[in-house]
**Q** 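I am attaching a structure below and will ask some questions about it afterwards.
Just follow the structure's listing: the first ligand is 1, and inside any ligand the first atom is 1.
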Amino acid sequence: MHPHIWYPFTQAKTSPPPLKVKSARGIWLELEDGRKIMDCISSWWVNIHGHSHPKIAEAIYRQAQELEQVIFAGFTHQPAETLAEKLVKQLPEGLNRVFFSDNGSTAVEVGLKMAYQYWVNLSQQRQKFIAFEGAYHGDTFGAMSVGSRSIFSQVFSNMLFEVDFSPFPETYIGDTSIEEKEEVILTRLKEKLNQNPQEYAGIIIEPLVQGAGGMRMCRVEFLRKLQQLVEQFDTLLIFDEVMTGFGRTGDWFSCIKSQVTPDIICLSKGITGGFLPLSVTICSEKIYDTFYSDDPIKTLYHGHSYTANPLGCAAALASLELMVENQSKFSSMEAKHLQHFEILQDNSKIEKLRVTGTIAAMNIVNKQESGYLNQVGLQIREKALEKGLLLRPLGNVLYIMPPYCITDEELSMVYRGIYEILKSI
Ligand SMILES: *Cc1c(COP(=O)(O)O)cnc(C)c1O
């Protein structure tokens, strides 16, 4: 470990030293010692077009020579305006107002604040959010509060605000009881909302795929029924698409794929193609209207030093163009994953094979308790590196989430690698 760096999510005492990356291009990382590693997880899910894409690099360079940063209150700039317009065009009708920040956790914080203050601005006190078991929404206090209680937030549990958690209807290939599971969950949610409809500020969900909680997937049908409940009981729906946005689920966004329009959507990770930190929280006009007032207390008092950084916006605009050019790549990846599943299907070491768009996942069967601390993940991580693959299982959940530029041959290499790793554990 470096004597002056404190690494994230890392127990320095027990972790192997980090690998030093010298450069990266496309799907390949090149280490200082010359080794080449295939980035099968898009470097924590951000790098949708592969590394060092010249088009995004060029856009940042050009923007840096014009305007690198400017205060975003009382001043505005073209990259932010163009980006806001383009994002609104890609999203379902009605998601209209774009609030900028610079990472996924703050995009969620802003979404929670918007929802909470929406009711305050309407002179209602709504104290609670509904969230889902297994959810991960980030590491700041609000985001931790709506996240499933886990080792990540355990130390701070007394500091978190109270949230009602609902089970998440996770499904997988060959799941025969999913309709029943959804019915039970929806009925319980309905009862909860019915008991005290004025209590809930909103429902927050990672639509279609829960990321850090273990790549748990649900059906579009569930999201549609959830939205009906939200409408029936007049609360707000927040989609945390920080991970699922920008092509990950095979369509531009989960809300497009499921044809469900939330009141608020949070986007980050893939937004700049993995070049710069940026995020947005986008809400409906209905919400924005309650903040639009002569009364100063109705203002959304939130902002960050680097809000709407022009370099980030320029990177995001270039990334959006690449999304348009490469739409067929992210929309065709689900079928490719499914083809490769054939060699894994009858493998007794795995269960719950599942895929949504570009994301494929499976659970490793072993005797240890499932969850982030399951040691099989570490074992797989090491074996993968020996084969030149960057895989980073979430406990016993092994997943692949490659950049969209991965070739058919490279994807075959990943699956062959996984097949061999499974044989050796
Ligand atoms: C990663 C993630 C976040 C947090 O984003 P950061 O940029 O790491 O703060 C929030 N929600 C979801 C669904 C995520 O996957």
**Q** Charged N to carboxylate O below 4.0 Å: is that the case for Arg219 and Glu179?
**A**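 Salt bridge between Arg219 and Glu179, a charged N being under 4.0 Å from a carboxylate O: yes.
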**Q** Is it true that the side chains of Trp252 and Glu241 contain a donor and an acceptor less than 3.5 Å apart?
**A**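 Trp252 vs Glu241: no donor-acceptor pair found between side chains.
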**Q** Would you say the side-chain atoms of Trp45 and Tyr399 include a donor-acceptor pair closer than 3.5 Å?
**A** yes
**Q** Hey, is Glu206 close enough to Lys269 for a salt bridge, meaning N to O under 4.0 Å?
**A** no
**Q** Enumerate the atoms of ligand 1 whose separation from the nearest heavy atom of Met243 is less than 4.0 angstrom.
**A** 15 (O)
**Q** Show me which atoms of ligand 1 lie under 4.0 Å from any heavy atom of Glu206.
**A**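 Ligand 1 atoms under the 4.0 Å threshold to Glu206: 13 (C).
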**Q** Any nitrogen or oxygen of Asp240, side chain or backbone, less than 3.5 Å from one on ligand 1?
**A** yes
**Q** May I ask you to check whether over 12 heavy atoms, not counting those of Tyr61, lie within 6.0 Å of atom OH?
**A** no
**Q** Under 3.5 Å between some N or O of ligand 1 and some N or O of Ser105?
**A**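 Min N/O separation from ligand 1 is below 3.5 Å for Ser105.
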**Q** Should the pair Glu30-Lys22 be classified as a salt bridge under the 4.0 Å nitrogen-to-oxygen rule?
**A** yes
**Q** Is atom 8 (O) of ligand 1 near the protein, in the sense that some protein heavy atom lies at less than 4.0 Å from it?
**A**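 Flag for atom 8 (O) of ligand 1 set to false, no protein heavy atom closer than 4.0 Å.
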**Q** Do any heavy atoms of Trp45 fall under 4.0 Å from ligand 1?
**A** yes
**Q** Below the 3.5 angstrom mark, is there an N/O of Asn103, backbone or side chain, next to an N/O of ligand 1?
**A**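 Such a contact does occur with ligand 1.
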**Q** Any idea which of Gly147, Cys266, Gly104 brings a heavy atom closest to atom 6 (P) of ligand 1?
**A** Gly104
**Q** Does at least one non-hydrogen atom of Gly211 fall below 4.0 angstrom from an atom of ligand 1?
**A** no
**Q** With a cut-off of 4.0 Å, which atoms of ligand 1 are near a heavy atom of Gly138?
**A**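 Once the distances to Gly138 are compared, the set is 4 (C), 10 (C).
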**Q** Hey, is the main chain of Met215 close enough, under 3.5 Å, to the side chain of Arg354 for a donor-acceptor pair?
**A** yes
**Q** Has Glu241 got any heavy atom lying under 4.0 angstrom from an atom of ligand 1?
**A**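 It does not, in that no heavy atom of Glu241 comes within the 4.0 Å cut-off of ligand 1.
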**Q** Does Arg62 come within less than 4.0 Å of Glu58, counting only side-chain N to carboxylate O?
**A**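 A salt bridge is present here (some side-chain N lies under 4.0 Å from a carboxylate O).
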**Q** Note the single closest protein heavy atom to atom 14 (C) of ligand 1, along with its residue, its atom name and the distance in Å.
**A**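 Answer, as residue, atom name and distance: Lys269 NZ, 2.9 Å.
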